[in-house]
Protein chains: 2
Amino acid sequence: MARPKLTTSPNRRHQILEQAAGLFKTNGFNATTMRQLAEQTGMEAASLYNHISSKEELLREICFSVANDFNAHLLQLEADDSCSSRKMEAIIRFHIHMLLTKYNDVYVSNRDWKHLKEPWLTNFLNQRKQYENRLAAIIQQGIDAGKFKPVHPHVAVLTILSAVRSIEYWQRSKKAISSKQIADDLVMMLLKGLEQ
Amino acid sequence: MARPKLTTSPNRRHQILEQAAGLFKTNGFNATTMRQLAEQTGMEAASLYNHISSKEELLREICFSVANDFNAHLLQLEADDSCSSRKMEAIIRFHIHMLLTKYNDVYVSNRDWKHLKEPWLTNFLNQRKQYENRLAAIIQQGIDAGKFKPVHPHVAVLTILSAVRSIEYWQRSKKAISSKQIADDLVMMLLKGLEQ
DNA sequence: GCACAAAACTAACGCTTGTTAGTTAATGAA
DNA sequence: TTCATTAACTAACAAGCGTTAGTTTTGTGC
């Protein structure tokens, strides 16, 4: 009667997920084959299906893991009573932190979410839209308080989120400039502007 | 002895290229099939090869056409003797203008250049790196003149280029906010910052 | 050592892909 | 008319894909 086994099974699955994130990042979701992934994890392609149910499931776990992290952080920040400026700085720094610590996952989630299947695709997009709306609300509060320039809040949100993604380019050659320097420059530029 | 024909041939080829850009933008390069492209242009997949030599050739023409436009504009701007701030604003506005007027091409070039084959891939990357270096030089001049904050110029370049790509998200639903408003907000945020 | 489930394997299926080969109808110059 | 050229067609190939089926090995609890 099916006793639980407690072998290395959960580790193995986690290991597959990590390798998948690396391959997805490097080659893209579509261009990554199950045979490549199998080779990296030291087994045959068919054997992967003892641990996962489909290729898309791997992508799904990556995307929603990242989405959950961002949602959790924002939820915690919204409860805070600091001013809009500090909140926006915290958000920018958290995005940078996520890109630095979970580079593969965030990169794949940013680029390959289109390959999610329904109903998860719709769910993912709804979560993202909600996230952007909540950021826009924070910016609107800053504008109302006279702390931010009267730009359209949604434009500001997308500008900031796009700008933060420039970190993706630095992750590869992060020797030349320190992560802290990049993060500080980014926060400065986005909040105070490039001009003196 | 092979007299030139002057049929509709060049138009047909140009039409294929336009449809390809649209499909690449919507579905991505890999996910776009020659049979889809054939259907859109009203012929069979095999017939396309009377006008083009490969699928990648279509991508190549798109990418290098965009690269040429950006290079030409920068070359012209460098000859100008306006200050660094005006130059950077002109660059930002030109990127926005390109995204608005050649949306499909710029979008595809930004995302799908990875699928170029050698030696064009290397050539494309070299051109892009050179372009970024020339932008960084302009920013460095601004810093030296005390007009820009002393951020690392390459960080500033990538931040600005990434931020400008947020326009991609607006192109779809451009009814809510006017293009001019978005462009002005973007220039303001990047040069003067979000904070008042 | 026996039973049994987890996890590996081999083999193959069904489908899609970009592209080629060979053929046919239309067009325009000589 | 003749004849070369263009541009369409049909058919098919060779390769690669994700996935399934069926089988064998491995490891642990009793």
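Protein chains get the first letters and strands the later ones, always in sequence-line order, with residue 1 at the start of each.
- When the P atom of D:dG18 is taken as reference, atom CG of A:L48 falls 10 Å away, rounded to whole Å.
- Summary of the strand contacts: A:A46 and A:A31 both lie near DNA chain D, and taking for each the nucleotide with the nearest heavy atom, the more 5' one is attributed to A:A31.
- Comparing atom distances between the A:N50 side chain and each of D:dT20, C:dA8, C:dT20 picks out C:dA8 as nearest.
- Listed candidates were D:dG18, C:dG18, D:dA8. Nearest to the side chain of B:R12 is D:dA8.
- Below 30°, between 30° and 60°, or above 60°: for A:F124 and A:W113 the angle between ring planes is below 30°, a parallel geometry.
- Residue-level contact check: B:S47 touches the bases, meaning some heavy atom is under 4.0 Å from a base atom.
- Across all strands shown, B:T32 has heavy atoms under 4.0 Å from sugar-phosphate atoms exclusively, and none from any base.
- Checking the phosphate oxygens (OP1, OP2) of C:dA7, no side-chain nitrogen or oxygen of A:R13 falls inside 4.0 Å.
- Distance A:N30 CG to C:dT16 C1': 12 Å, rounded to the nearest Å.
- Relative to the side chain of B:M43, the nucleotides D:dC9, C:dT10, C:dA8 differ in distance, and D:dC9 lies closest.
- One can place CG of A:L37 at 14 Å from C1' of D:dT19, the figure rounded to the nearest angstrom.
- Using bins of under 30°, 30° to 60° and over 60° for the plane-to-plane angle, the ring pair B:W170/A:H154 lands in the perpendicular bin.
- In terms of heavy atoms, B:T41 sits closest to B:R12 at O-NH2, 3.2 Å.
- B:R93 has a carboxylate O that lies under 4.0 Å from a charged side-chain N of B:D184, or vice versa, which qualifies the two as a salt bridge.
- Remark: P of D:dA15 and CZ of A:R35 are 14 Å apart, rounded to the nearest angstrom.
- If you take CD of A:E44 and P of C:dA6, they are 22 Å apart, rounded to a whole angstrom.
- A cation-pi contact, defined as under 6.0 Å to the ring centre and within 45° of the axis, links A:K55 to A:F29.
- Separating the CE atom of B:M34 from the P atom of D:dA14 is a distance of 20 Å, rounded to the nearest angstrom.
- Ion pairing between a basic and an acidic side chain is recognised when a charged N comes within 4.0 Å of a carboxylate O; B:R86 and B:D80 show no such pairing.
- For DNA chain C, the stems formed by at least three consecutive Watson-Crick or G-U pairs, with both atom-pair distances below 3.5 Å, span C:1-30 with D:1-30.
- Taking atom NZ on A:K117 and atom P on D:dG18, their separation rounds to 11 Å, with Å as the unit.
- Taking atom OH of residue B:Y49 and atom C1' of nucleotide D:dC9, one finds them 16 Å apart after rounding to whole Å.
- Residues A:Y107 and A:F24 place their aromatic rings such that the two centres sit no closer than 6.0 Å.
- Side-chain proximity of B:T33 to D:dG18, C:dG18, C:dT19: nearest is C:dG18.
- Closest to the A:H51 side chain, of the nucleotides D:dT10, C:dG18, C:dA7, is C:dA7.
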